[in-house]
Structure formats: structure tokens, C-alpha cells
There are 2 protein chains.
Amino acid sequence: MAEPVTLRDVAQRAGVHPATASRALNPETRPLVNEETARRVLSAAGELGYRPNAVARSLRTKRSMTVGVLIPDLRNPLFPPIVRGIEDRLAPDGYVVLIGNTDLDTDREQMLFERMRDRNVDGCILTTAQLRGSLLAEAAQSGLPVVLANRLAEEYSFPSVSVDNELGIKMVIGHLTELGHRRIGYVAGPQDVSTGLSRYQGFITSMEAAGLSADPDRIVFARAFSVEEGRRCCQELLASRPPCTAIAAGNDMLAVGCYAALDDAGRSCPDDISVVGFNDMPFVDRLRPPLTTVAFPHYQLGAEAAELLLDRMAGDGHPVKVLYLAPHLVVRGSTAAPAG
Amino acid sequence: MAEPVTLRDVAQRAGVHPATASRALNPETRPLVNEETARRVLSAAGELGYRPNAVARSLRTKRSMTVGVLIPDLRNPLFPPIVRGIEDRLAPDGYVVLIGNTDLDTDREQMLFERMRDRNVDGCILTTAQLRGSLLAEAAQSGLPVVLANRLAEEYSFPSVSVDNELGIKMVIGHLTELGHRRIGYVAGPQDVSTGLSRYQGFITSMEAAGLSADPDRIVFARAFSVEEGRRCCQELLASRPPCTAIAAGNDMLAVGCYAALDDAGRSCPDDISVVGFNDMPFVDRLRPPLTTVAFPHYQLGAEAAELLLDRMAGDGHPVKVLYLAPHLVVRGSTAAPAG
DNA sequence: TTGTAGGCGTTATCAC
DNA sequence: GTGATAACGCCTACAA
């Protein structure tokens, strides 16, 4: 196959000691070595096709130039742009991304986090942490640089980037009430995840602020941010009396589930019932009907999280930053004035 | 912060030599050590919360329990299920996944592949290789276990999993001709990628087999598998005379682009023009109109690729396997009989 | 400016 | 069955 070229090989060819070769090859220490010598080393390295062994370097320097990214499920269209934003911000600095899907399963989260730590990652971006899971405790205690993306922690202080969920929901309720809706149902996401909780709280607050009752009969809790759960919850809502004229969903996946339930029940959106989502996932503008939803810049959220992580890893004692991205409402075809 | 527990710490606490502790901790070599001693070591490790340092181990053993996955762009909904399938198949065996988005850019491909090799990955899954790019040459020469997913190599022999693209296109043409279409346009994907090329070839072959002419005026080549390119190509097709009554697209992204171009032009799908995609990406069943397309099991494709890679990494001299998954046509609302 | 030496945490190969 | 030793490839005081 192929014989790996090591620093010794380069040094030998350049006629210098490996230590000198190391210094010449490393931009940081290059000034320490004679220009001419450095040139010889560099060209020897080039000719041999030398690539430093990142593992050996990592063992020595305690830096792996690798970061871990934990997400619930890549198949949720919300996450690909976030991951992409992370990678794009990190790649120019030489980092590479380890990815792990957790399914919001505590054990799996734990396992993946440990595997990443074992591999000496320089930092982690979590979009996955349960509000009070042991993962956050472990992360905090480990001293590993950790940044939260699209999530907030209750009890620990991590840098984070997220959306102003309350504000987003407020926009949703504002839009629906303007259209004339009064009986608004809510499909809430899991309450042990910060996005689920804060949007739910935002719903309650906004409804009350609008002088409407957040009737518990018109609130259903999904066990996961999934299409299937959205469908189930919507079915329940359809049975409530008097019926809702609009449904707000904790995220777009749940909203798509509502579409499915409405189809099943032979109800039309928005003629019979309006539906609003949250996230503005890719392609929801092309659903039938196009989904009215709360948008925020996903890619940028990832990029910002990466930026925070870089700060953190540089360890310049920056204070812990908590960033909020502004949401905005995108009105499309899934909302209309109530029928009556 | 936290003091990392090393093998020496465990050994010391168990009152044995580090080498013995190592043997006791490793299932493979445990039989070599006294049961009682092993027990002591294990419990010492447990009490201290010992986790072996994967980097050090990797330096020594030349295995990193890490595999690299290169894809064009995670934001193309085709890839998340594939990546997920890969991870799920690999995780039980202790592997972790490094991911890289290449945008089909040769330099970026190269860079990411090298970074992964530097980190001593045990293998790579490529869904991204240009047909004749230097990446494949480098991969072949490196001796690193490499598997192709959703791609085929022209000049090298790699294990691979892909769809039978010719067959898929044949189904598309069969469906359209049955509906009565004769003037069928084609939005071809990039020809330097195997999926683009084989589907294009399949189109030509199928058209001829159906006794139709594959008129060059009704074939447009996209420079990328993107919505934007699909839109552009469809615009061109709309200008051809006599006009097509149906458009087949090289993949779903291009088909979505066709939707956009039709919207722009005020043409209706399927009333004015039928559109067919390829891939059955998630959510295309919920587009407006639901997209008729060629489906295949994405998740399973990833899982199979991972399986092939595991074989390869085990190095049991298996012959090179080339796997094809059967496609099937999913007829939805975007196709209908031609207007006239 | 360059060479020497030691060690990062493991595991493999010896001896005992 | 266990301990000693060396080495994986690199970096970095320190000495020259």
C-alpha cells in the first residue's frame, strides 16, 4: 500500500534533526530556524508528501483540532443548515467535525459525548441537551469548552445561540388574532427541552396578553418533535369542543403532522383550520399549503455557535455570551381568517 | 477543571503494573490475566471513572475507531438519511463519524479527505467523488478502506452501494409514455458525477427504446444538483418549440427548481406540464403538487455502505462488492396525461 | 540556530 | 500470570 512519511523521513532528507524539521514545519516556530534550513525542510516535506500525524500531535499537544457536534436527528431538516454553518465556520481554522445523532435519548447522548471526549475533542456544540439531563452536568464539570445551539440550559452557564422563542410565538398569536381567530389550539413540543418549554410558555403568555384564554383542552403535548406526534396531537385537538379555528405548533415537524391529521380527517387548511409552524425549515414554503411559520437564520445560528466555541477554545477568558437571534414571521398559505 | 485518569492511576490503585491493567481492561487480552487481578483492575477503573485515551491508543494501534464521511451538502435532503444510516450501523461497533461537506468542489474534497487521513480514520465513505477526480486516485493509492455510496467509480474498483439509475429512469419514461407523453424534456445533472451521467444515459436509452427521439433541444444540463439550476434549466426547456409536455429531472432538487420555474412562468403542474424527479427525498410527498419520483431506501443505502466498510476494515480479503438497490416509481400528483 | 532528551498514554514483545 | 521496556510520531524545554 503506502508507507507513511514521518517527520524523521523529512528531517533525514533535509539533513537536519527531527526537532529542527518540526520547528521549520510549524509556522509558529519557523522564525526560530535559519531561513535556508527552513526552505530545505519545507521542500523535503513537499517532495515526500509529508503530512503531520494529527494523532501523535494531539497526544503531545492535547489539542485534536476536532470538535464534536451533537444533534437530535439529522433527518429533521432544521439541523442540516445548522451543522453546515458550524462546519463552514470551523473549517478555515483547521477543525474537523465529529457528528452524533442522539434521538434525544439520554443514554445515547451520554455515550456519544463520552466517545467524543475519549477522542480528545477540543470542544462540543450541543443542540440536543435535555433541560436537566446529566449531560449538561457532565459537560460543565468536564471543563471541556461547550456551546449550546438552539437550546438553553437551566442550571448551568454555557455560551449559547438561540432564537427568541417567546417573541416568535407572540408574533404567531398576533397574526392569528389579527385574522380574527379566538379559539387557538397549541401543539406543544416536549417540555424537557428548552425550545419546547419556552415556546409553550410564550404561548400561554401571549394568549393571556391578547385577552384570550389558553384553555388546557386546546393544548396537547407532543412527546417528540416529530411528524407522527404532530399528527396524533392534532387528532386530539380536532376532537375538542368548541373546535379550534387555528392551531399553532411547537415546530414545523409538528405542523406537518397537523397537515397529515387534517388530511386524514378531510379537513382543509386554511379553509377549515389555520396552521402555523415554527422554524421555517427548508422546503416548508413548498408544502401544500405553504406553511406560515416563524423563521430565523439556521445557517447563521450554526456559524455563530461555532464562533462562540472558537472563542471558548481560545480560552481568552471571554465572559459567557448568550446570543439571541431575532425571529420573524413568514406568512404563507396555511393561515386565513376563520370560516364562520 | 478535571484531572484525566490514566492507565497508570488505575494500575497503581489496583496494585499492578500498567501493562497488566491494560491487559485486564481489554476484553481481547483479559484471558491472559488472573481472574482475581482482573476484577481488582476493573473495579479500580470503575471507581476512578477511567476512560481509555483513544488518541494514545490510536497512536499505538493505528486504529482510531473513527470513519470519515464525505458528502456534497448536508442540506440536500437526500443525504441526512444516508448519513444517519451510516452512523447507526457503525455506532454499535464503537465507531464515530467525521463529517465533511464538499460542495463537489475538488479542492475542498481533497482538503477534507486529507484532514481525515491525518486524523488516522480507519475508513471513509464517499458519496461525493467526481467520476474522474484525483480524490479517487488518492483514495485508491492510499490503501485506506473506502466505500462509495450513491456513486460509482469509473476507473477504480471500490466497494459501493447505489441505485440502479438506468432502471429508475426507464420507469420514469415508461410512466410518462403510458400517460401519453411524447415530447419529454430532460434536466440532466452534472455529467462528471456518476448519478448525473448514468441517469442521462438511461434517459437516452429509454427514450430510444420507447421509439421516441431524445431531441438535444429538449435536454438541458445543470451545473449542479440544485434548485437554482433546476429553475434555470426548466426556463430553457420552456422556450423549446414544439414545447415539452413533460419534464424528467435528474433528481428531486432539480425537479423542485422546475416547480419554481413553472410558477414563475405561470404554468401549472401537472395540467400544463408533468414533472418527475429522482430520489424521493423526504417531504417531496408534501410538495405542491406532490412529486412523482423514483424512490429507493436512503437510510438503508447508508447502512449498507457502512456494512461494506466494516467488511473492508476487517480486511478479511472479501472480494469487492458492488451493490445495487432496486428503485421503484412513486406516482403522485405531478404527472398527468398531456393537455392536448 | 540547532541538537538532545524526555514524555504524551497506550499496547506489544520480551523476559521473568 | 505479571512486570519491565520500548515504541507509536510528535513537540518542547533545555543545553550546546
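Convention: sequence-line order gives letters A, B, ...; per-chain numbering from 1. Heavy atoms only: backbone and side chains are in, while hydrogens, waters and symmetry mates are out.
In this structure, the CD atom of A:E28 is 18 Å from the P atom of D:dC10, given to the nearest Å. For A:Q12 and D:dG9, the CD to P distance is 14 Å, given to the nearest whole Å. Straight-line distance from the CG atom of B:L59 to the P atom of D:dA7: 14 Å, rounded to whole Å.
Of the candidate nucleotides D:dC10, D:dG3, C:dG9, D:dG3 has the atom nearest to the side chain of B:A19. Here D:dG9 is the nucleotide among C:dG9, D:dG9, D:dT5 with the atom lying nearest to any side-chain atom of A:N53. Checking D:dC11, C:dT2, C:dT11 against the side-chain heavy atoms of A:T61 singles out D:dC11 as nearest. Side chain of B:R57, nearest nucleotide from D:dG9, D:dC10, C:dT11: C:dT11.
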Could you go step by step and tell me if B:R119 and B:T66 meet the side chain to side chain donor-acceptor pair (under 3.5 Å) rule?
CA-CA 9 Å; B:R119 279 154 183 87; B:T66 302; over 6 Å; no
Does the salt bridge (charged side-chain N to carboxylate O under 4.0 Å, His left out) test come out yes or no for A:D88 and B:R108, once each step is laid out?
CA-CA 11 Å; A:D88 286 358; B:R108 195 163 164 155; 2.8 Å; yes
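Between A:S22 and the phosphate of D:dC11, there is a side-chain N or O to OP1/OP2 separation shorter than 4.0 Å. Listed pair A:K62 / C:dG9 meets the phosphate criterion, a side-chain N or O lying under 4.0 Å from OP1 or OP2. Phosphate contact (OP1/OP2 of D:dG3, side-chain N/O of B:T20, threshold under 4.0 Å): present. In this structure, B:H17 does not reach the D:dT2 phosphate: none of its side-chain N or O atoms is under 4.0 Å from OP1 or OP2. For A:Y50, no side-chain nitrogen or oxygen approaches OP1 or OP2 of D:dG9 to under 4.0 Å.
Listed by chain and residue number, A:R132 satisfy the side-chain hydrogen bond (donor to acceptor under 3.5 Å, both in side chains) test with A:E154 (two or more places apart in sequence, or in another chain).
Residue side chain B:R23 reaches the base of D:dG3 through a donor-acceptor N/O pair under 3.5 Å, judged by distance alone. For D:dC11, the base has a donor-acceptor partner in the side chain of A:R60 [N/O atoms by modelled type, under 3.5 angstrom].
Ion pairing of B:R57 with A:D118 is absent here, as no side-chain N (NZ or NE/NH1/NH2) approaches a carboxylate O to less than 4.0 Å. Using a 4.0 Å cut-off between a side-chain N of Lys or Arg and a carboxylate O of Asp or Glu, A:D122 and A:R312 do not qualify as a salt bridge. A salt bridge does not link A:E114 with A:R117: every distance from a Lys NZ or Arg NE/NH1/NH2 to an Asp or Glu carboxylate oxygen is 4.0 Å or more.
Contacts between residues 29-37 of chain A and DNA chain C, counted as heavy-atom distances below 4.0 Å, involve A:L32, A:V33, A:N34, A:T37.
B:P52 comes within contact range of the sugar-phosphate backbone alone, with a heavy-atom separation under 4.0 Å but no base atom that close. Within 4.0 Å of A:V55, counting heavy atoms only, lies no atom of the nucleic acid at all.
Atom CG of B:N53 sits about 10.0 Å away from atom CG of B:L59, to the nearest 0.5 Å.
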